[in-house]
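Please read the structure below before turning to the comments.
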Amino acid sequence: MAFSHSSIIDHHYNDFNRELTIYFLSGGKYIYKNVPRETYEELLHAKHKSTVFNNSIKDKFEYQKIH
């Protein structure tokens, strides 16, 4: 699932662990922890994924950079 006009090219959500994995155009992969399902739904349905990321995810959740 790729998104045009966004630095986010893909994402996955794990309901069991409440982990949101985001893949960026730059090649980075980050796992955000304890993300509520509602926040993921907001990202999923947003026209501008980067805006939702910046307003609702970035600097709001603990994360781990994978690459």
Side-chain angles (χ1 to χ4, degrees):
M1 168 185 305
F3 308 112
S4 60
H5 308 294
S6 176
S7 62
I8 297 172
I9 58 170
D10 200 1
H11 60 72
H12 301 281
Y13 185 74
N14 181 316
D15 278 304
F16 181 75
N17 294 328
R18 294 175 34 124
E19 290 182 342
L20 173 60
T21 303
I22 299 180
Y23 301 85
F24 291 92
L25 187 59
S26 63
K29 175 182 172 185
Y30 293 80
I31 298 175
Y32 293 85
K33 302 176 187 282
N34 295 313
V35 177
R37 176 76 185 183
E38 295 80 16
T39 302
Y40 170 65
E41 292 285 337
E42 181 183 3
L43 178 69
L44 182 64
H45 299 292
K47 183 175 181 179
H48 301 287
K49 309 293 184 196
S50 294
T51 300
V52 172
F53 173 76
N54 288 327
N55 292 338
S56 301
I57 299 168
K58 183 180 178 183
D59 300 326
K60 307 259 189 289
F61 300 98
E62 180 183 339
Y63 67 90
Q64 176 183 4
K65 184 175 182 180
I66 301 303
H67 358 170

Q | Side-chain heavy atoms of Tyr13 within contact of Glu41, under 4.5 Å | A | no
Q: May I ask you to test the Leu43-Thr39 pair for a side-chain heavy-atom distance under 4.5 Å?
A: no
Q | Stepwise side chain to side chain contact (heavy atoms under 4.5 Å, CB included) check, Ile22 with His12 | A | CA-CA 7 Å; Ile22 299 180; His12 301 281; over 6 Å; no
**Q.** Residues which pass ring-ring contact (aromatic ring centres under 6.0 Å, His included) with Tyr32, listed by chain and number, not counting sequence neighbours
**A.** Phe53, Tyr63
Q | Remaining members of the apolar cluster that contains Ile31, side-chain heavy atoms under 4.5 Å | A | Ile66
Q. Restricting to pairs with a member in residues 12-24, which pass salt bridge (charged side-chain N to carboxylate O under 4.0 Å, His left out), not counting sequence neighbours?
A. Asp15-Arg37, Glu19-Lys33
Q. So which pairs with a foot in residues 57-67 pass salt bridge (charged side-chain N to carboxylate O under 4.0 Å, His left out), sequence neighbours left out?
A. none
Q: Mark yes or no for whether Lys29, through its side chain, and Phe24, through its backbone, hold a donor-acceptor pair below 3.5 Å.
A: no
Q: Go through the steps to decide whether Leu20 and Ile57 satisfy the test side chain to side chain contact (heavy atoms under 4.5 Å, CB included), and finish with yes or no.
A: CA-CA 10 Å; Leu20 173 60; Ile57 299 168; 3.6 Å; yes
(Q) Ser56: which residues meet the side chain to side chain donor-acceptor pair (under 3.5 Å) condition with it, sequence neighbours left out? (A) Glu42
Q: Identify the two heavy atoms, one from Asn17 and one from Asn14, that lie closest to each other, and give their separation to 0.1 Å.
A: N-OD1, 2.8 Å
